[in-house]
Amino acid sequence: MPSSEPSFFEKVYEVVRKIPYGRVTTYGAIAEYLGSKGSARMVGWAMNQSHSQQEAVPAHRVVNRKGLLTGKRHFGSPNIMKTLLEQEGVQVVEDQIQNFNDHFWSPLELT
DNA sequence: TTGCTGACCGACG
DNA sequence: CCGTCGGCCAGCA
């Protein structure tokens, strides 16, 4: 076994881990970066399985296009995602990231 | 195999 | 503002 090519999920995890501290990105941006724009749902699915990974995946830095914490329900408690983000300096009000554009980070920025 | 679901997104009315 | 629909693709009964 040689070379198992990195699957879609693997790439998602890798990208998510590269999200800088205090920054956030979207499912769509990741999907687009992986060349599967439109399959943002797969990114969400990958996040769902992310807990299965040995290396922790900062899924709390991944939100939907509106900067809404849609996946907060999957963190065990709905307040975990918000708390983690606020600890990184991201203001969250009503599950909505404030100044979202200012915190937004795209994997396309990777050099 | 089919059919349904899902942490999405954009479009339509 | 709200509800609905189609598209995308992986996992599961």
Side-chain angles (χ1 to χ4, degrees):
Chain A
M1 98 64 13
S3 35
S4 14
E5 299 179 19
S7 59
F8 187 84
F9 287 31
E10 292 283 331
K11 291 182 178 179
V12 172
Y13 302 138
E14 186 177 0
V15 172
V16 174
R17 292 190 191 110
K18 289 180 180 177
I19 300 175
Y21 182 92
R23 299 283 184 183
V24 294
T25 190
T26 68
Y27 303 96
I30 295 173
E32 184 177 16
Y33 173 74
L34 297 179
S36 296
K37 182 186 180 183
S39 52
R41 297 178 115 174
M42 296 302 91
V43 179
W45 192 260
M47 293 293 93
N48 190 354
Q49 298 297 305
S50 66
H51 71 89
S52 207
Q53 300 300 305
Q54 287 190 330
E55 298 238 6
V57 178
H60 61 275
R61 292 180 186 153
V62 184
V63 296
N64 74 346
R65 200 56 177 171
K66 304 170 188 170
L68 203 58
L69 281 54
T70 53
K72 65 169 188 171
R73 357 184 155 225
H74 295 268
F75 280 80
S77 291
N79 56 303
I80 297 177
M81 191 170 185
K82 176 183 176 184
T83 301
L84 289 171
L85 287 171
E86 292 188 328
Q87 285 181 354
E88 299 189 359
V90 180
Q91 294 180 310
V92 179
V93 178
E94 294 285 289
D95 303 334
Q96 168 66 54
I97 295 178
Q98 305 301 297
N99 306 315
F100 177 58
N101 190 56
D102 188 51
H103 292 290
F104 178 72
W105 173 88
S106 172
L108 299 174
E109 294 181 14
L110 289 172
T111 50

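A, B, ... follow the sequence lines: proteins, then strands. Residue 1 opens every chain.
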>> Taking any heavy-atom pair under 4.0 Å as a contact, classify A:Ser36: base, sugar-phosphate, or nothing.
In response: nothing
> How is A:Asn64 classified with respect to the nucleic acid when contacts are heavy atoms under 4.0 Å: base, sugar-phosphate, or nothing?
Replying inline: sugar-phosphate
> Tell me: CG of A:Asn48 to P of B:dT5, nearest whole Å?
Replying inline: 16 Å
>> In this structure, how many angstroms lie between the C1' atom of B:dA7 and the NZ atom of A:Lys82, rounded?
In response: 19 Å
>> Between A:Val43 and A:Tyr33, does the side-chain contact (heavy atoms from CB on, under 4.5 Å) criterion hold? Intermediate values first, please.
In response: CA-CA 11 Å; A:Val43 179; A:Tyr33 173 74; over 6 Å; no
> To the nearest angstrom, how far is A:Met42 atom CE from B:dG6 atom P?
Replying inline: 12 Å
>> Output the rounded distance in Å from CZ (A:Arg73) to P (B:dG6).
In response: 10 Å
>> In whole Å, I'd like the distance from the CD1 atom of A:Ile30 to the P atom of C:dC9.
In response: 17 Å
>> Which is more 5' along DNA chain C, the nucleotide nearest A:Arg41 or the one nearest A:Phe9? Just name the residue.
In response: A:Arg41
>> If I take atom NZ in residue A:Lys66 and atom P in nucleotide C:dC1, what distance separates them, rounded to the nearest angstrom?
In response: 10 Å
> When the distance from CD of A:Glu32 to P of C:dC8 is rounded to whole Å, what number comes out?
Replying inline: 16 Å
> What is the nucleic acid contact for A:Arg65, judged by heavy atoms within less than 4.0 Å: base, sugar-phosphate only, or nothing?
Replying inline: sugar-phosphate
> Quick check: does any side chain N or O of A:Ser77 sit under 3.5 Å from a backbone N or O of A:Ile80, one acting as donor and the other as acceptor?
Replying inline: no
> Which of the following nucleotides, B:dC9, C:dG7, B:dA7, is nearest to the side chain of A:Ala40?
Replying inline: B:dC9
> Under 4.0 Å: is that the gap between some side-chain N or O of A:Thr70 and OP1 or OP2 of B:dC8?
Replying inline: yes
> What is the distance from NZ of A:Lys72 to P of B:dG6, rounded to the nearest Å?
Replying inline: 17 Å
> Contact class for A:Ala46 vs. all strands (heavy atom < 4.0 Å): base, sugar-phosphate, or nothing?
Replying inline: nothing
>> Mind checking if A:Phe8 touches a base, just sugar-phosphate, or nothing, with heavy atoms under 4.0 Å?
In response: nothing
> Is it true that the side chains of A:His103 and A:Glu88 contain a donor and an acceptor less than 3.5 Å apart?
Replying inline: no
> Would you say A:Gln91's side chain and A:Gly89's backbone share a donor-acceptor pair under 3.5 angstrom?
Replying inline: no
> Given the rule in the side-chain contact (heavy atoms from CB on, under 4.5 Å) test, do A:Trp105 and A:Val24 qualify, once you have shown the distances and angles that lead to the verdict?
Replying inline: CA-CA 6 Å; A:Trp105 173 88; A:Val24 294; over 6 Å; no
